[in-house]
Amino acid sequence: DGKRVTPKETITVAFNKPRGYVCTREDELGRDTIYTLLPHTMHSLHHVGRLDRDSEGLLILTNDGDLTHRLTHPRFGVRKVYRVWTEGGTLPKEVCRRLLLGVDLEDGPARALACRPAPGGAVLVLAEGRKREVRRMLQRVGYPVRRLLRLQVGPIRLGDLPPGKWRRLSEREVKALLRLVGLE
């Protein structure tokens, strides 16, 4: 219509998802969603991947569709770091080895890229992100998860961001994400 068009601003944030919230804009069951914790101006951002209702930790939100696609598509193998506490306590090294070799789940094999015992559980690194994958893997090896906290997605770390709070990623962090998935 003869008016100059300017691209909208790209926004990417880190959010510390607390336990008890679902990753959706509206929930048909009436559960609390992550968007109830965010300012209304951020409701147009989409979450990159999901954390189930009982999980907590780092979630990236953005309005960059290409970045979202590449961060979530298994082909790009973006690593995610999880700290888990299990009903069986600290994972023995042999259980970590089994997770590194892979376990069979109902939707196919799954394996950790790294696993190290930690007090009360373990620290795991995965590059996929199938539904409840960490929980299902640990259940399969006899160590049901009591608590799951995502610490890192690619180069972005949760750090000391309080639960329910968010922060805008720095220009350096956004560039690192773009470089990681070949969008720089």
Side-chain angles (χ1 to χ4, degrees), residues 4-85 112-114 118 121-135 145 147-184:
R4 185 179 184 95
V5 176
T6 56
K8 66 180 178 179
E9 178 186 21
T10 301
I11 300 169
T12 305
V13 302
F15 174 67
N16 187 349
K17 179 200 166 295
R19 188 177 185 151
Y21 290 82
V22 292
C23 293
T24 187
R25 282 194 196 353
E26 295 179 23
D27 184 63
E28 67 280 354
L29 301 176
R31 297 172 296 185
D32 290 325
T33 77
I34 60 170
Y35 292 94
T36 63
L37 300 171
L38 296 166
H40 184 72
T41 56
M42 297 179 73
H43 287 199
S44 63
L45 302 182
H46 40 270
H47 46 86
V48 178
R50 294 176 183 262
L51 286 171
D52 65 47
R53 184 178 181 204
D54 295 326
S55 298
E56 55 194 296
L58 180 62
L59 194 62
I60 294 174
L61 295 106
T62 186
N63 59 356
D64 183 334
D66 291 333
L67 179 61
T68 297
H69 171 74
R70 291 192 183 203
L71 287 174
T72 56
H73 197 286
R75 176 177 48 149
F76 295 95
V78 175
R79 293 174 180 234
K80 297 159 199 81
V81 180
Y82 300 90
R83 172 66 166 98
V84 294
W85 291 262
L113 299 177
V123 175
L124 297 171
V125 178
L126 276 72
E128 270 191 296
R130 289 185 275 170
K131 187 174 182 178
R132 299 179 66 86
E133 186 175 24
V134 173
R135 291 180 184 280
V145 171
R147 182 179 176 206
L148 187 149
L149 174 68
R150 185 189 289 156
L151 299 173
Q152 188 173 340
V153 174
I156 309 304
R157 296 176 186 270
L158 179 62
D160 58 3
L161 187 63
K165 300 298 181 185
W166 62 274
R167 69 173 180 82
R168 194 162 182 159
L169 295 187
S170 69
E171 188 176 327
R172 174 187 277 175
E173 288 174 313
V174 172
K175 285 182 179 180
L177 281 176
L178 295 172
R179 189 170 33 259
L180 175 70
V181 297
L183 286 173
E184 61 177 343

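Since we're looking at a predicted model, the values are computed, not measured. Side chains included, hydrogens not; waters and symmetry mates left out as well; all remaining heavy atoms used.
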Report the C-alpha separation of L38 and F15 in whole Å, then their side-chain angles, then the decisive distance to 0.1 Å, and conclude whether the side-chain contact (heavy atoms from CB on, under 4.5 Å) test is met.
CA-CA 9 Å; L38 296 166; F15 174 67; 3.8 Å; yes
I'd like to know whether L158 forms a side-chain contact (heavy atoms from CB on, under 4.5 Å) with L149, so could you lay out the CA-CA distance, the side-chain angles of the two residues, the decisive distance to 0.1 Å, and finally the verdict.
CA-CA 10 Å; L158 179 62; L149 174 68; 3.9 Å; yes
Using the side chain to side chain donor-acceptor pair (under 3.5 Å) rule, take R135 and S55 through it: C-alpha gap first, then chi angles, then the decisive distance, then the call.
CA-CA 10 Å; R135 291 180 184 280; S55 298; 3.1 Å; yes
Begin from the C-alpha positions of L180 and F76 and carry the test side-chain contact (heavy atoms from CB on, under 4.5 Å) through to its verdict.
CA-CA 8 Å; L180 175 70; F76 295 95; over 6 Å; no
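Residue L58 comes nearest to I156 through the heavy atom pair CD2-O, 3.2 Å, listed as atom of the first residue, atom of the second, then distance. Of all the heavy atoms in L113 and A127, the pair that sits closest is CD1-CB, 3.5 Å. Smallest separation of non-hydrogen atoms from L124 and A112: CD2-CB, 4.3 Å. Heavy-atom minimum distance, A14 versus L161: O-CD2, 3.7 Å. Residues V78 and G154 approach most closely at CG1-N, 3.8 Å, considering heavy atoms. Looking at every heavy atom in both residues, L177 comes nearest to P155 through CD2-CD, 3.8 Å.
Judged by distance alone, with hydrogens and angles left aside, the side-chain atoms of K17 form a donor-acceptor pair with the main-chain N or O of D52 at under 3.5 Å.
For the atom pair I11 CD1 and M42 CE, the distance stands at 7.0 Å (nearest 0.5 Å). Between the CH2 atom in W166 and the CD1 atom in I34 there is a gap of 13.5 Å [rounded to 0.5 Å].
Contacts classified as salt bridge (Lys or Arg N to Asp or Glu O under 4.0 Å) and involving residues 158-167 (residues at least two apart or in different chains) are given here: R167-E173. Residue pairs meeting the salt bridge (Lys or Arg N to Asp or Glu O under 4.0 Å) criterion with at least one partner in residues 53-82, sequence neighbours excluded, are E56-R147.
For K175, the side-chain hydrogen bond (donor to acceptor under 3.5 Å, both in side chains) partners at least two apart in sequence or on another chain are E171. Residues passing the side-chain hydrogen bond (donor to acceptor under 3.5 Å, both in side chains) test with T12 are T62, sequence neighbours excluded. With sequence neighbours excluded, no residue satisfies salt bridge (charged side-chain N to carboxylate O under 4.0 Å, His left out) with R83. Every residue two or more places apart in sequence or in another chain that forms a side-chain hydrogen bond (donor to acceptor under 3.5 Å, both in side chains) with H46 is listed here: T68.
Ring geometry, H47 versus Y35: the interplanar angle falls from 30° to 60°, so the pair is classed tilted.
Applying the 6.0 Å contact sphere to CZ of R25 captures more than 12 heavy atoms from other residues, nucleotides or ligands.
When each of L67, V13, T72, V48 is checked for a side-chain contact (heavy atoms from CB on, under 4.5 Å) with I60, only V48 meets the rule.
Between R150 and L59, the closest side-chain pair of non-hydrogen atoms falls below 4.5 Å.
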